[in-house]
Amino acid sequence: MSLRERSRRTEIVDRVIDWFSANQRDFPWREPECSPWGILVSEVMSQQTQMSRVEPKWHEFMSLWPTPADMAAAPVAEVIRRWDRLGYPRRAVNLHRCATAIVENHGGEVPSDRDALLALPAIGAYTSAAVASFAFLRCEPVVDTNIRRVLARAIHGEAIAWDANPRRDDAEMSELLPEDPQRAKLWNAGAMELGAIVCPSKKPQCEVCPIAQLCEWRARNYPASTRKARGQAKFAGSDRQLRGRVMAILRRHPEGVLFDSLPDLVEPLAADSGTSVDISHAERTLLLAEDLIRDGLATRAAERIRLPH
DNA sequence: AACACGGGGTT
DNA sequence: AACCCAGTGTT
């Protein structure tokens, strides 16, 4: 890499840190007194979920279960029920498993090593680095969807980020990571915040961007991407929607319901559901209920199905 | 590499 | 109605 390019990248990091220090949003998990557990909970809730939806749920969880031991002592059914409609309810099960593992294997304290964090359920490449950096000031490379987009644009001049690839992403972000842990944290959080606030997927606000003058995508006059974004499956009529409806039934019935009655309790979906057209609504509902049991989101005893204890 | 996995906000 | 969102685990 040329000396000039090296200098450009250093300047990008410096300006993002300055911008973030002055313009970051106030979130409770960014307060200095926030515990590592609070940060871990915020990161798990934030997976594929907008901050505006996370904040109230985070307050509720921290009030109910201020430490890992508190959550580990609660029935997983209660964590699932409180998770409510935040989405991907397996995260609730996994968060409860995290709490249990932290109590049993780490003396009730969230571990600070990235590898130890990575070993916890639902903690992957992103969350392990985020908790290590934000809660413990470790110099770990954080890469989320915002950062992949910011780097694709500012560094590489591409409109759309490459597909996530933990090894390559880690290596790329590591090259930019400041050696000072406090600055590494500010760069990690700042690049993420810049992508969320100033440089979103649609309509980037280059006029207020601190690195507009250094941005390669802007220098090339915003070429459209050559790659195509991954299409998303329809939600209406999908298995995901039906699973969600079964979970809603289970949350509403603490004592559980007759397994065979599930199809009647779940609102029948639109007839044009597209997939699985050759099996009945009742069959499909019962099959998905079995999946939920396998995923730890429900248990079945005798003829009844309910949230797990 | 491609999917499945929720549900709601945004355009 | 399509796209997007502080991802993870499986195939």
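Lettering follows sequence order; numbering is per chain, from 1. Atoms considered below: every heavy atom in the structure, side chains included; atoms not considered: hydrogens, waters and symmetry mates.
- At a cut-off of 3.5 angstrom, the base of B:dG6 holds at least one donor-acceptor pair with the side chain of A:T49.
- Between C:dG7 and A:R90, no contact under 4.0 Å exists linking OP1 or OP2 to a side-chain N or O.
- More than 12 heavy atoms of other shown residues, nucleotides or ligands fall within 6.0 angstrom of atom CD in A:E31.
- Under the 4.5 Å side-chain heavy-atom criterion for ILVMFWY residues, a single connected hydrophobic cluster contains both A:V41 and A:F136.
- Whole-Å rounding puts the A:D169 CG to B:dA1 P distance at 11 Å.
- In this structure, A:Q205 places its CD atom 10 Å from P of B:dT11, rounding to the nearest Å.
- One C1' atom belongs to C:dC4, the other to B:dC5, and the distance between them is 16 Å to the nearest Å.
- At a threshold of 4.0 angstrom between heavy atoms, the contacts of A:R85 are confined to the sugar-phosphate backbone, with no base atom among them.
- For the P atom pair drawn from C:dA6 and B:dT11, the interatomic distance equals 13 Å after rounding to whole Å.
- A:S201 comes within contact range of the sugar-phosphate backbone alone, with a heavy-atom separation under 4.0 Å but no base atom that close.
- Distances shorter than 4.0 Å separate some side-chain N or O of A:T127 from OP1 or OP2 on C:dT8.
- Rounded to an integer number of Å, the gap from A:D295 CG to B:dA4 C1' is 10 Å.
- Atom pair A:K203:NZ and B:dG9:C1' shows a separation of 16 Å (rounding to whole Å applied).
- When the nearest nucleotides of DNA chain B are assigned to A:D163 and A:D291 by heavy-atom distance, the more 5′-ward of the two goes with A:D163.
- Classification of the A:F27-A:W29 ring pair by plane angle, with boundaries at 30° and 60°, yields parallel.
- Taking atom P on both B:dG6 and C:dT11, the two are 16 Å apart, rounded to the nearest angstrom.
- Counting to the nearest Å, the C1' atom of C:dT8 and the CG atom of A:L95 are 14 Å from each other.
- Using a 4.0 Å heavy-atom distance criterion, A:R30 is classed as a base contact.
- One can find a donor-acceptor pair under 3.5 Å joining the base of C:dC5 and the side-chain atoms of A:Q232.
- Here the separation of C:dT10 from B:dG7, taken at their C1' atoms, is 22 Å to the nearest Å.
- If you take CZ of A:R294 and C1' of C:dT10, they are 13 Å apart, rounded to a whole angstrom.
- Residue A:G87 is classed as a base contact, given a heavy-atom separation below 4.0 Å to a base.
- Residue A:W83 is out of contact with every strand shown, counting any heavy-atom pair closer than 4.0 Å.
- In this structure, the side chains of A:W217 and A:P204 come closer than 4.5 Å at one or more pairs of heavy atoms.
- A:P200 comes within 4.0 angstrom of nothing in the nucleic acid, heavy atoms only.
- A donor atom on one side chain and an acceptor atom on the other are not found under 3.5 Å apart for A:Y126 and A:Q47.
- Between A:Q50 atom CD and C:dG7 atom C1' the separation is 13 Å, expressed in whole Å.
- Smallest separation of non-hydrogen atoms from A:V142 and A:S133: CG2-CB, 4.3 Å.
- Contact between the side-chain N/O atoms of A:Q48 and the OP1/OP2 oxygens of C:dC5 is not found at any separation under 4.0 Å.
- Contact annotation: A:R243 side-chain N/O to B:dG6 OP1/OP2 distance is under 4.0 Å.
- Atom-to-atom, CZ of A:R240 to C1' of C:dG7 comes out at 12 Å; the value is rounded to the nearest Å.
- Using a 4.0 Å heavy-atom distance criterion, A:K202 is classed as a sugar-phosphate-only contact.
- Counting non-hydrogen atoms under 4.0 angstrom, A:A130 reaches nothing in the nucleic acid.
- A:L86 comes within 4.0 angstrom of a base, heavy atoms only.
- The base of B:dG8 lies outside donor-acceptor range of the side chain of A:R53, with no N or O pair under 3.5 Å.
- With hydrogens and angles left out, the side chain of A:Y88 and the base of B:dG6 share a donor-acceptor pair within 3.5 Å.
- Linking Ile, Leu, Val, Met, Phe, Trp and Tyr residues whenever their side-chain heavy atoms come within less than 4.5 Å places A:L214 and A:M173 in a single cluster.
- Residue A:A125 is in sugar-phosphate contact alone, with no base atom involved, counting any heavy-atom pair closer than 4.0 Å across all strands shown.
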